Amino acid sequence: MKRVITYGTFDLLHYGHINLLRRAKEQGDYLIVALSTDEFNWKEKQKKCYFDYAKRKQLLEAIRYVDLVIPEEGWGQKVKDIPEYHIDTFVMGDDWAGEFDFIEDQTDATVVYLPRTPEVSTTQIKNDLKLN
Ligand code: C2G
């Protein structure tokens, strides 16, 4: 069984996220999503989520491609998660291209960056709806 992991905030879940999760699952047989906690989002990414962690987790768990959702509480946890969950492939959108190459040096996982869905983003949705 090939196990895949990806990380993110996934606020105001949209089809760009779904495209990413579908292609991440295609990299293996089992997909774990490490979901940024509200604290991590605010402290480390200055993101204030519209939906809190519990609601974002509920939404992700309803997606057919997602097998398990775990919390992402810090930048450094990836190199621990990968051995702990026996991960074969680490996947991120290519807006992160290059940022996580170290993972191939520090773990047995392969790093894959997938093209983002260009025209949609949570920020754009908020701006369009004037939620800012
Ligand atoms: N994504 C995408 N296309 C979009 C928007 C997002 O492919 N139009 C991808 C991103 O590249 C990322 C995932 O969906 O791989 C989740 O996006 P965000 O929730 O914005 O995640 P981010 O804030 O980038 O957090 O430790 C890593 C961070 O937690 C990533």
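For ligands, and for the atoms within them, numbers begin at 1 and follow the listed sequence. Everything numeric here is computed off the predicted structure, so don't read it as measured data.
Protein heavy atom closest to atom 9 (C) of ligand 1, with residue, atom name and distance, is Leu20 CG, 3.9 Å. When hydrogens are left out, the protein atom nearest atom 5 (C) of ligand 1 is Arg116 NH2, 3.4 Å; that is the closest non-hydrogen contact. Annotation: atom 24 (O) of ligand 1 to nearest protein heavy atom, Trp96 NE1, 2.8 Å. Atom 3 (N) of ligand 1 has Thr117 N, 3.2 Å as its closest protein atom, hydrogens excluded (heavy atom only). Taking atom 25 (O) of ligand 1 as the reference point, the nearest protein heavy-atom neighbour is Lys45 NZ, 2.9 Å. Given atom 19 (O) of ligand 1, the protein heavy atom at minimum distance is Phe10 N, 2.7 Å. Here the heavy atom of the protein found nearest to atom 29 (O) of ligand 1 is Glu72 OE1, 2.6 Å.
The atoms of ligand 1 that sit less than 4.0 Å from any heavy atom of Asp95 are 10 (C), 11 (O). The atoms of ligand 1 that sit less than 4.0 Å from any heavy atom of Val120 are 4 (C), 8 (N). Each of the following atoms of ligand 1 lies closer than 4.0 Å to a heavy atom of Trp75: 26 (O), 27 (C).
Between Thr122 and Asp11, the side chains place no donor N or O within less than 3.5 Å of an acceptor N or O (distance only, hydrogens not considered). Side-chain contact of Tyr7 with Asp81: a donor-acceptor pair under 3.5 Å is present, judged by distance alone. With hydrogens and angles left out, the side-chain atoms of Asp88 and Tyr30 include no donor and acceptor closer than 3.5 Å. No side-chain donor-acceptor contact under 3.5 Å links Thr89 and Gln27. Gln58 and Tyr53 share no side-chain donor-acceptor pair at under 3.5 Å.
Rounded to the nearest 0.5 angstrom, Glu73 CD and Lys43 NZ are separated by 9.0 Å. With rounding to the nearest 0.5 Å, the separation of CZ in Phe90 from CD1 in Ile82 is 6.5 Å.
Considering both main-chain and side-chain atoms, Thr9 comes within under 3.5 Å of ligand 1 through a nitrogen or oxygen pair. For ligand 1, none of its N or O atoms has an N or O atom of Asp94 under 3.5 Å away. Checked against a 3.5 angstrom limit, the closest N/O atoms of Met92 and ligand 1 fall outside it. Any N or O atom pair closer than 3.5 Å counts here, and Lys47 shares at least one such pair with ligand 1. Considering backbone and side-chain N/O of Lys78, one or more are found under 3.5 Å from N/O of ligand 1.
Between Asp29 and Lys2 no salt bridge is recorded (no basic side-chain N to carboxylate O distance below 4.0 Å). Electrostatic pairing of Asp38 and Arg56 counts as a salt bridge here, judged by a charged N lying under 4.0 Å from a carboxylate O.
Taking the six-membered ring where the residue is Trp, Trp96 and Trp75 present tilted rings, their angle falling between 30° and 60°.
Looking at residues two or more places apart in sequence or on another chain, you find no salt bridge (charged side-chain N to carboxylate O under 4.0 Å, His left out) involving Glu104.
Within the 4.0 Å heavy-atom shell around ligand 1 one finds His14. Residue Ser121 places every heavy atom at 4.0 Å or more from ligand 1.
The closest heavy-atom contact to atom 15 (O) of ligand 1, among the options Gly93, Ala97, Ser36, comes from Gly93.
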